[in-house]
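Shown next, in structure tokens, is the structure this report addresses.
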There are 2 protein chains.
Amino acid sequence: MTLPQPVMLYDTARAPNPRRVRIFLAEKGVSLPTTEIDIMAGQHFDKAYRGKVGSHNVPALELDDGTFLTETVAICRYLEAIYPDNNLLGDGPLEQSLVEMWSRRIETHLMMPIAFVARHGIAGMQALEREQCPAWSEHNVPRVAAGLRWFEKCLGDKSFIAGDRFTLADITAFCTLDFMRLIRTPIPEENLRTHAWRARCKARGTIVS
Amino acid sequence: MTLPQPVMLYDTARAPNPRRVRIFLAEKGVSLPTTEIDIMAGQHFDKAYRGKVGSHNVPALELDDGTFLTETVAICRYLEAIYPDNNLLGDGPLEQSLVEMWSRRIETHLMMPIAFVARHGIAGMQALEREQCPAWSEHNVPRVAAGLRWFEKCLGDKSFIAGDRFTLADITAFCTLDFMRLIRTPIPEENLRTHAWRARCKARGTIVS
């Protein structure tokens with residue numbers, strides 16, 4: 001079976017989801033042709049982009065049969081099928097479900113609260129949200145702190161968040177925690193496991209910006 | 001390879017995510033031993049539940065090797081591996097990524113706005129959210145309306161939302177739209193494609209409550 005091949009990645013700097021795909025590709029040792037979309041200028045809302053891609057989301061992956069894939073994990077799942085070496089989504093059904101479970105937990109407990117604080121609380125991010133809800137930004141500040149405590153606890157004695165090896169769930173967590181720069185929230189110094197895990201991730205040499 | 005087998009499904013009535021798993025199993029023709037968790041009484045926050053499952057989330061799937069899976073789609077992905085007949089997550093990498101893409105889009109454009117309106121706007125749902133943010137409930141009311149228009153448009157001439165056959169993405173959408181009963185929002189009469197799609201889903205005889 002020949003699968004449609006990726007021909008173009010629509011990407012944008014500084015946002016955590018496109019970065020998840022960049023790190024995923026770096027782990028695979030794969031480089032794709034890339035088109036940069038300026039989301040702060042609202043380029044992803046342009047009719048040209050939406051008409052072609054079928055959604056305003058970035059990242060998007062164009063295939064040589066004309067298909068466009070959006071949604072970060074759906075894109076990574078397709079890339080894993082095309083470039084199966086250096087497995088990142090789980091080897092076999094049980095690990096696959098555990099990686100998905102951990103990645104989704106991190107999206108819920110950390111990525112979403114951080115995004116809500118930023119997107120509804122930082123004036124410059126109105127371009128992304130169109131209408132902001134400052135009360136929701138404030139509501140999520142303690143949830144970010146709770147999410148950081150939760151992540152530290154979940155690491156336990158594991159080397160990586162889904163178990164003993166690096167997976168998409170670590171990519172999700174790494175990009176999420178780095179995104180806290182935007183809301184000027186550091187990882188608390190006492191979260192020793194989180195800092196050690198972060199150093200293990202960085203040591204791989206694939207954590208591109 | 002023998003995979004760990006499901007031994008118990010932790011379930012709860014009326015919430016959309018556990019229902020997604022129930023419909024998924026009905027499509028597979030599979031019935032599992034079930035334990036009902038009373039989320040309105042906060043039973044999922046009890047130490048007994050969290051200590052066992054590793055999270056407060058419902059649904060949860062217990063396997064015979066002692067693993068607990070949470071996160072609805074991760075559970076469905078494991079069930080698809082155990083019961084591969086009547087494929088619902090996509091046959092081959094491209095369809096798998098498209099089903100995931102559509103199911104996630106529906107989660108973002110419809111499930112989340114509806115859940116936010118309900119969980120932050122209905123007094124009786126404070127048990128789930130602990131602290132509510134009424135401004136966020138109000139903020140999401142127009143997003144629900146926009147999501148309904150978006151879904152009607154996305155259906156286009158397709159029989160089902162990810163293409164020409166029923167998949168997890170339809171299960172996600174069906175449970176999401178039914179959940180609007182809670183916020184007393186009907187599907188607009190003029191959304192003819194949505195109503196016809198809903199009738200096609202119901203005609204399968206697997207849309208359990």
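Naming: A, B, ... by sequence-line order, numbering from 1 per chain. Everything numeric in this text was worked out from a predicted model, so none of it was measured.
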Next on the checklist: Using the rule given for side-chain hydrogen bond (donor to acceptor under 3.5 Å, both in side chains), can you reason through B:R105 versus A:T70, listing the C-alpha separation, both sets of side-chain angles and the distance that settles it, and then say yes or no?
Outcome noted: CA-CA 9 Å; B:R105 282 181 176 176; A:T70 66; 2.9 Å; yes
Given that the side chain runs from C-beta out, which part of [X] has a heavy atom under 4.5 Å from chain A: side chain, backbone, both or neither?
X: B:T67; value: side chain
X: B:E107; value: side chain
X: B:V73; value: both

Checklist entry - Taking all non-hydrogen atoms of both residues, which atom of A:F68 and which atom of B:M101 are closest, and how far apart? => result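 Closest approach of A:F68 to B:M101, heavy atoms only: O-SD, 4.0 Å.
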Next on the checklist: Looking at every heavy atom in both B:P93 and A:A81, which two are closest together, and how far apart are they?
Outcome noted: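 Distance-wise, the nearest heavy atoms are CB-CB, 3.4 Å.
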Partner chain B: residue of [options] with the largest heavy-atom pair count (under 4.5 Å):
options: A:L69, A:V99, A:D65; value: A:L69
options: A:E80, A:Q96, A:R77; value: A:R77
options: A:R104, A:E71, A:Q132, A:E138; value: A:R104

Item to check | Separation between NE2 of B:H109 and OG of A:S55, rounded to the nearest 0.5 Å | outcome: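 Spacing of NE2 (B:H109) from OG (A:S55) equals 6.0 Å.
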Are the side chains of [Y] and [X] in contact, using a 4.5 Å heavy-atom criterion?
X: A:L94; Y: B:P4; answer: yes
X: B:H139; Y: A:H120; answer: yes
X: A:T108; Y: B:N57; answer: no

Item to check | Engaged part of A:I82 at the chain B interface, taking heavy atoms whose separation is under 4.5 Å | outcome: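 Nothing of A:I82, per the 4.5 Å heavy-atom cut-off to chain B.
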Checklist entry - Under a 4.5 Å heavy-atom cut-off, does chain B meet the side chain of A:T72, its backbone, both or neither? => result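 Contact with chain B involves no heavy atom of A:T72 at all.
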Count the heavy atoms of every other residue, nucleotide or ligand shown that sit under 6.0 Å from [atom1] of [X], and state whether that count exceeds 12.
X: A:D164; atom1: CG; result: no
X: A:R14; atom1: CZ; result: no
X: B:K158; atom1: NZ; result: yes

Checklist entry - Do the side chain of B:S97 and the main chain of A:Y78 share a donor and acceptor less than 3.5 angstrom apart? => result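 Judged by distance alone, yes, a pair lies under 3.5 Å.
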Next on the checklist: Quick test of your reading of the model: are A:R143 and B:E131 salt-bridged, counting only N-O distances below 4.0 Å?
Outcome noted: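 So A:R143 does not pair with B:E131 through a salt bridge.
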